[in-house]
Amino acid sequence: RQGRHPVVEATSGPAGFVPNDLHMDDKRRLLLITGPNMAGKSTVLRQAAIITILAQMGSFVPASEARIGLADRIFSRVGASDNLARGQSTFMVEMMDTARILRPATKKSLVILDDIGRGTSTFDGLSLAWAVVEDLVRRSDGSIRTLFATHYHELTALEGRLPGVHNMNIAVREHGGDIVFMRRLIPGPADRSYGIEVAKLAGVPASVVQR
């Protein structure tokens, strides 16, 4: 309850950080988190991992209350990077990281995955992301606790089809033609990606945004 990211909060100040609740159980083993860029999906993923690490070592945690089970390992795939010296593209590195997560992860692990499949064509990327979700929840020894942030809204159809998959999104509000990031994790899928609005916020020329 009221979990926080200690590093981001230290940078933005307590008044500028919005804490979030996160609940996972046998019926909510894989959370599909949608929402626009800049909304705070990655922060939610990383703060869950940091809080879990702190709890495993017996530390205080940045939350008003926490009940966290044992985790044998924490696996993370976030951000984009390449290894050109070894001939590995950004997408190749992403897939290698994904492989290193899927092979050893168990039902006692915690996995955070951010935008799997975005580095290739739309249908290849969506197919890979879909298959990764299926693999994580259909393990013979039990579903793996996973926070899965994605821009593929098609994946939200898996709630109700696959046991343990639950949709969450980072709330956004529209005001005067602009978007306001609420930084609040709420149930359900996001209704839009708001990519054009984020481009406008970033300063992309108006003619391009309009087009």
Side-chain angles (χ1 to χ4, degrees), residues 1 3 5 20-35 40-59 61 63 66-81 91-120 124-170 185-190:
R1 297 183 186 277
H5 190 303
N20 275 292
D21 297 346
L22 186 64
H23 176 70
M24 302 180 79
D25 56 26
D26 287 339
K27 295 182 180 179
R28 299 159 55 105
R29 298 281 293 181
L30 188 146
L31 300 185
L32 273 174
I33 303 174
T34 50
K41 299 188 300 297
S42 295
T43 300
V44 168
L45 265 61
R46 295 178 196 207
Q47 80 183 36
I50 289 172
I51 288 172
T52 303
I53 290 170
L54 292 171
Q56 302 306 302
M57 60 192 275
S59 170
V61 300
R67 289 183 60 194
I68 301 172
L70 292 176
D72 58 3
R73 302 178 212 183
I74 297 174
F75 295 97
S76 168
R77 169 61 211 178
V78 296
S81 61
F91 184 65
M92 182 64 172
V93 172
E94 177 186 324
M95 289 297 100
M96 290 171 65
D97 288 348
T98 302
R100 282 192 284 262
I101 291 171
L102 294 179
R103 288 198 186 102
T106 74
K107 67 178 181 179
K108 291 184 178 180
S109 302
L110 173 66
V111 174
I112 62 171
L113 294 169
D114 199 354
D115 267 344
I116 291 296
R118 296 284 289 180
T120 186
D124 279 3
L126 173 58
S127 299
L128 284 163
W130 190 293
V132 168
V133 170
E134 288 184 338
D135 183 74
L136 289 166
V137 299
R138 286 179 168 169
R139 293 297 179 95
S140 58
D141 62 341
S143 299
I144 299 170
R145 292 175 292 191
T146 306
L147 301 179
F148 194 107
T150 185
H151 284 284
Y152 291 129
H153 285 229
E154 296 86 348
L155 294 179
T156 61
L158 290 172
E159 181 180 278
R161 294 189 190 182
L162 293 177
V165 175
H166 184 74
N167 287 322
M168 304 288 289
N169 76 92
I170 307 293
L185 186 65
I186 61 174

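Position 1 is the first residue of the sequence, and the numbers go up from there.
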Next on the checklist: Run the side-chain contact (heavy atoms from CB on, under 4.5 Å) test on Leu22 and Leu31 for me, step by step, so that the C-alpha distance in whole Å, both residues' side-chain angles and the decisive distance to 0.1 Å come before the verdict.
Outcome noted: CA-CA 10 Å; Leu22 186 64; Leu31 300 185; 3.5 Å; yes

Next on the checklist: Looking at Gly188, is its backbone amide N or carbonyl O close enough to the side chain of Asn169 to form a donor-acceptor pair, meaning the two atoms are under 3.5 Å apart?
Outcome noted: yes

Checklist entry - What closest approach, in Å, do Val61 and Ala66 show between heavy atoms, and which atom pair accounts for it? => result CG2-CB, 4.0 Å

Item to check | Heavy-atom donor-acceptor pair, Thr34 side chain to Ala190 backbone, under 3.5 Å | outcome: yes

Item to check | Validation row: Arg118, Tyr152 side chains within 4.5 angstrom (heavy atoms) | outcome: yes

Checklist entry - So with a 6.0 Å cut-off around CZ of Arg139, is the heavy-atom count from everything else above 12? => result yes

Checklist entry - For Ser143 and Pro163, which heavy atoms make the closest approach, and how far apart are they? => result OG-O, 4.5 Å

Checklist entry - Where do Val78 and Ser76 come nearest, in terms of heavy atoms and distance? => result CG2-OG, 3.8 Å

Checklist outcome for this item: Which of Thr146, Ile116, Leu162 passes side chain to side chain contact (heavy atoms under 4.5 Å, CB included) with Val133? Answer is Leu162

Checklist outcome for this item: Ile74 and Ala49 have their tightest heavy-atom pair at CD1-O, 3.8 Å

Checklist entry - Under the side chain to side chain contact (heavy atoms under 4.5 Å, CB included) test, which residues partner Asp25, sequence neighbours left out? => result His23, Lys27, Arg28

Checklist entry - Going through the distances and angles, do Val165 and Thr156 end up as a side-chain contact (heavy atoms from CB on, under 4.5 Å)? => result CA-CA 9 Å; Val165 175; Thr156 61; over 6 Å; no

Checklist entry - Given side chains that start at C-beta, do those of Ile144 and Phe75 come closer than 4.5 Å, heavy atoms only? => result no

Checklist entry - How long is the span from the CG atom in Leu45 to the CD1 atom in Ile50, to the nearest 0.5 Å? => result 11.0 Å

Checklist entry - At their closest point, which heavy atom of Ala48 faces which heavy atom of Leu147, and how far apart are they? => result CB-CD1, 3.4 Å

Checklist entry - Does a side chain donor of either Ser42 or Asp114 reach within less than 3.5 Å of an acceptor in the other side chain? => result yes

Next on the checklist: What's the separation between atom CG in Leu113 and atom CD in Glu94, rounded to the nearest 0.5 Å?
Outcome noted: 9.5 Å

Item to check | Phe91/Leu128 under side-chain contact (heavy atoms from CB on, under 4.5 Å): CA gap, chis, key distance, verdict | outcome: CA-CA 12 Å; Phe91 184 65; Leu128 284 163; 3.7 Å; yes

Checklist entry - Taking atom CE of Met168 and atom NZ of Lys41, what is their separation to the nearest 0.5 Å? => result 13.5 Å

Next on the checklist: According to side chain to side chain contact (heavy atoms under 4.5 Å, CB included), who are the partners of Gln56, at least two apart in sequence or on a separate chain?
Outcome noted: Thr52, Ile68, Leu70, Ala71

Next on the checklist: Rounded at 0.5 Å granularity, tell me how far CE in Met92 sits from OG1 in Thr120.
Outcome noted: 12.5 Å

Next on the checklist: Between Asp72 and Ser109 (side chain of the first, backbone of the second, donor and acceptor by atom type, cut-off under 3.5 Å), is there such a pair?
Outcome noted: yes

Checklist entry - Can you tell me how far CG of Asp135 sits from CZ of Arg138, rounded to the nearest 0.5 angstrom? => result 10.0 Å

Item to check | Trace of the side-chain contact (heavy atoms from CB on, under 4.5 Å) decision for Lys107 with Arg29 | outcome: CA-CA 9 Å; Lys107 67 178 181 179; Arg29 298 281 293 181; 3.7 Å; yes

Next on the checklist: Minimum heavy-atom separation for Thr98 and Arg77, please, with both atom names.
Outcome noted: OG1-CG, 4.5 Å

Checklist entry - Roughly how far, to the nearest 0.5 Å, is the NE2 atom of His153 from the CG atom of Asn167? => result 10.5 Å

